[in-house]
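Let me begin by presenting the structure, written as structure tokens, before commenting on it.
Order of the sequence lines sets the chain letters (A, B, ...), proteins ahead of strands, with each chain counted from 1.
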Amino acid sequence: MARILITSALPYINGIKHLGNLVGSQLPADLFARYMRQRGHEVMFICATDEHGTPAELAAAKTGEEVADYCARMHGEQAELADGFRLSFDHYGRSSSDQNRALTQHFAGKLADNGFIQEVSEKQVYSNADGRFLPDRYIEGTCPNCGYDRARGDQCENCTKQLDPTDLIDPRSAISGSTDLEVRETKHLYLRQSAMKDEIDQWIDSQKGWPVLTTSIAKKWLHDGDGLQDRGITRDLKWGVPVKKGGDDWPGMEGKVFYVWFDAPIEYIAATAEWADANGKTDADWERWWRTDKGADDVRYVQFMGKDNVPFHTLSFPATIMGSREPWKLVDYIKSFNYLNYDGGQFSTSQGRGVFMDQALAILPADYWRWWLLSHAPENSDSEFTWENFQASVNKDLADVLGNFVSRVTKFCRSKFGEVVPDGGAFGAQEDALIAELTTRIRAYEEHMEAMEVRKAAGELRAIWVAGNEYLQSAEPWAKFKTDPEAAAAVIRLSLNLIRVYAVLSRPFIPDASAALMEALKTGDDSWPDDVAAALSALPVGHEFTVPDVTFRKITDDERVEWEAKFAGGRD
RNA sequence: GGGCCUGUAGCUCAAUUGGUUAGAGCAGAGCGCUCAUAACGCUUUGGUUGGGGGUUCGAGUCCCUCCGGGCCUACCA
């Protein structure tokens, strides 16, 4: 039994996430966590909302709430949706927690002690009307290069030229539109990543088998231009972790907070501490996951994230941990994903384009989404959601191949033998062949799941479902029943057991359907089919069951058309 | 501008990292079955691997070039 620490990238607090966000981190992380638990490993699966930063403040201002209230409310909503999608976090924390505040300040203090923090004085744009410093991209104006009048302070979206906010002609606040801006001097802390460049580089080099996506992004940042740059880790905001050196004040940093990307990854650790506190555990209980001097040296730590998060997880967060010179656990494997697009374009939170988590659950149960998203996970390149593809995949895979198999077996049994595992007959060559095929396929499925090859695992699982239909077709219990009812009974006995095996194998992908099947079979035996032949006799002769309701219904053409129109853009 | 990824059947994707005749699923066509959610099974059509050039005994895979798609580019998170 191994110990596996799994973290999913933290969803940002300012609104409900869309399916692209879901499939990029939380959902595959959940698949892996569920599988590993099922195989008997000790799993700690951690996620949290990422609550600090300018966008959270602005979102709260828009609703008229205090930012803390806004975050608390949105955390509740996101947690409820995570539950709706059956994301099996051991703890769903909040980066605004006391635990994260203390840990973030602790790390900053250690980094300062070890000479990895530098104070830098810089000039930044301050908006008098908004009463705040403005991040570059929150300043708009006319591009000096192409004349586009809505260029942002970091880059012109029209001509793609990189800009400095002071380059803009007629600059204004993107928040209020105010032109009452001034450049002010302000002091910030920088994390001296450049001083740890070689250390990080060697660490990346020592990792084997990481996705190309992960290492290529890390290498780019390490070696591009002058190499890894130092990064500002403080901001002039009210909402965030106050800048402190451990428990002490930090002279000159009064009123400033840490940059969200500094405190957000630390929340992985802090959320585990939150888990301990919430469950009456001790510090030792969470430290054994994170401190290599306190039991975490045998932990395997896997992170899941979209590609936009990779630089922070391969560089900044490792730099934070390494620079502390304390024995914190570094990540062992980073599984990164490309983007899921929506029907020819991108999902867009701002334009309300695409399907959002709450909307998805309002029209279909979680398993439909889980299956489609995971079986089409953007592992090698960006992938695309279309309603036509969604309808076809769900109807074929879930309703026809899996659901209908359950239906034909249970209903045939009920009509011929009653709702009970029938006695009589014996297994022969066909059954041996099926067991051999299933054994091969289940071993392949296990390998793909271990390797986090999500699409391949889904494909293998589907093939396992298909094998049941092939077997039934060739075994023809309906024909056998006419001449040799006991032979038909043997076929059905095996097939009923196969449903249990399917429920067990499919659980990481479709947990609700899996639970429904187990309930219909009136069994709590969720043992993994290490020995397929044995697994196919787990439900003994005489064991009662009930014919389940339709496991997966089909999506109709009318629904598809309706949803296509409804989600084309303009969320209410 | 720079960097990375990507382009394979109508669609969604594979191809053991340079090795026989490029494979699956869906869609299409034909046949079979009748237990089942008009479901299932079998067979089958379909590809000059974006174009061109090169290296090699051998290229989807490596190199060059052109064309198309995407992402990142450090103050959004």
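- Syn is the conformation of B/U17, whose glycosidic angle sits no further than 90° from 0.
- Contact annotation for A/Ser393: no contact, since no heavy-atom pair falls under 4.0 Å across all strands.
- Relative ring orientation between A/Phe312 and A/Trp261 is described as parallel, the plane-to-plane angle staying below 30° on a 0-90° scale split at 30° and 60°.
- Side-chain contact between A/Gln229 and A/Ser194 is absent, with no heavy-atom pair separated by less than 4.5 Å.
- One C1' atom belongs to B/C62, the other to B/G1, and the distance between them is 27 Å to the nearest Å.
- The P atoms of B/C5 and B/G47 are separated by 31 Å, rounded to the nearest whole Å.
- Of the options A/Tyr339, A/Phe356, A/Trp369, a ring pair (Phe, Tyr, Trp, His ring centres under 6.0 Å) to A/His18 is made by A/Phe356 and by none of the others.
- A gap of 11 Å separates the C1' atoms of B/A27 and B/G46, to the nearest Å.
- Side chain of A/Asp308, nearest nucleotide from B/A15, B/C75, B/A77: B/A77.
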Can you pull every protein N or O that's under 3.5 Å from an N or O on nucleotides 3-6 of chain B?
| residue | atom | partner | partner atom | Å |
| --- | --- | --- | --- | --- |
| B/C4 | O2' | A/Ser216 | OG | 3.4 |

Expected string for nucleotides 32-37 of chain B under the B/S/- scheme (protein heavy atoms, under 4.0 Å, primed atoms plus P, OP1, OP2 as sugar-phosphate) is BSSBBB
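- Pairing analysis of RNA chain B (Watson-Crick: purine N1 to pyrimidine N3 plus N6-O4 or O6-N4; G-U wobble: N1-O2 and O6-N3; both under 3.5 Å) yields stems of 3 or more pairs at B:1-7 with B:67-73, B:10-13 with B:23-26, B:28-32 with B:40-44, B:50-54 with B:62-66.
- The CH2-P distance, from A/Trp387 to B/U12, rounds to 18 Å in whole Å.
- At the phosphate of B/C72, OP1 or OP2 sits under 4.0 Å from a side-chain N or O atom of A/Tyr339.
- Between A/Phe481 and A/Phe417, the angle of the ring planes goes over 60°, which puts this pair in the perpendicular group of the 30/60° scheme.
- The CD atom of A/Glu453 sits 13 Å away from the C1' atom of B/A15 (whole-angstrom rounding).
- One can place CG of A/Asn21 at 11 Å from C1' of B/A77, the figure rounded to the nearest angstrom.
- Rounded to whole Å, the separation between the C1' atoms of B/A39 and B/U17 comes to 41 Å.
- For the 3.5 Å distance criterion, the side chains of A/His376 and A/Ser383 fail to qualify, holding no donor opposite an acceptor.
- Classification of the A/Phe385-A/Tyr342 ring pair by plane angle, with boundaries at 30° and 60°, yields parallel.
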Listing time: all N or O pairs from protein to nucleotides 23-31 of chain B that are below 3.5 Å?
| residue | atom | partner | partner atom | Å |
| --- | --- | --- | --- | --- |
| B/G25 | O3' | A/Arg462 | NH2 | 3.4 |

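- A donor-acceptor contact closer than 3.5 angstrom links the side chains of A/Glu185 and A/Ser121.
- In this model, no donor atom of one side chain and acceptor atom of the other lie less than 3.5 Å apart for A/Thr214 and A/Lys307.
- When heavy atoms are screened at a 4.0 angstrom cut-off, A/Val310 is found touching no nucleic acid atom at all.
- Within 4.0 Å of A/Glu122, counting heavy atoms only, lies at least one base atom of the nucleic acid.
- Side-chain N/O atoms of A/Trp465 and A/Ser506 include a donor and acceptor closer than 3.5 Å.
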Evaluation steps, side chain to side chain contact (heavy atoms under 4.5 Å, CB included), between A/Glu267 and A/Ser97: CA-CA 8 Å; A/Glu267 168 65 6; A/Ser97 67; 3.7 Å; yes
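- Taking atom C1' on both nucleotides, B/A24 is separated from B/A14 by 7 Å, rounded to a whole Å.
- Annotation: cation-pi pair A/Lys335/A/Phe337 present, NZ/CZ under 6.0 Å from the ring centroid and within 45° of its normal.
- Within 6.0 Å of atom CD in A/Glu419, more than 12 heavy atoms from other residues, nucleotides or ligands are found, so the atom counts as buried in its surroundings.
- A gap of 32 Å separates the P atoms of B/U55 and B/G10, to the nearest Å.
- Using modelled atom types, one finds no donor on one side chain facing an acceptor on the other under 3.5 Å when comparing A/Thr386 with A/Glu388.
- In this structure, A/Phe312 places its CZ atom 7 Å from C1' of B/A74, rounding to the nearest Å.
- Two residues are said to be in side-chain contact when any heavy atoms from C-beta on lie closer than 4.5 Å; A/Arg443 and A/Glu460 fail this criterion.
- Ring-centre distance between A/Trp387 and A/Trp372: not below the 6.0 Å cut-off.
- One interatomic measurement links the two molecules: CD of A/Glu388 to P of B/G10, which rounds to 16 Å at whole-angstrom precision.
- At a threshold of 4.0 angstrom between heavy atoms, the contacts of A/Gly227 include nucleobase atoms, whether or not backbone atoms are also involved.
- Annotation: salt bridge (charged side-chain N to carboxylate O under 4.0 Å, His left out) contacts involving residues 461-475 of chain A, sequence neighbours excluded, comprise A/Asp397-A/Arg462.
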Hey, what are the protein-to-nucleotides 42-47 of chain B N/O distances that come in under 3.5 Å?
| residue | atom | partner | partner atom | Å |
| --- | --- | --- | --- | --- |
| B/C42 | OP1 | A/Glu470 | OE2 | 3.4 |

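- RNA chain B is contacted by both A/His376 and A/Pro55; A/His376 maps to the nucleotide lying nearer its 5′ end (nearest heavy atom per residue).
- For B/U49 and B/C13, the C1' atoms lie 14 Å apart once the distance is rounded to whole Å.
- Aromatic ring pairs are classed by plane angle as parallel below 30°, tilted from 30° to 60° and perpendicular above 60°; the pair A/Phe317 and A/His313 is perpendicular.
- Between A/Ser176 and A/Asp130, the side chains place a donor N or O and an acceptor N or O closer than 3.5 Å (distance only, hydrogens not considered).
- As rounded to whole Å, 13 Å separates atom C1' of B/A77 from atom CD of A/Glu51.
- A/Glu57 places its CD atom 18 Å from the P atom of B/C75, with the value rounded to the nearest Å.
- Separation of the C1' atoms belonging to B/G25 and B/U65 is 36 Å when rounded to the nearest angstrom.
- A/Trp221 contributes no side-chain N or O that forms a donor-acceptor pair with the base of B/A74 under 3.5 Å.
- Between A/Asp136 atom CG and B/U73 atom P the separation is 13 Å, expressed in whole Å.
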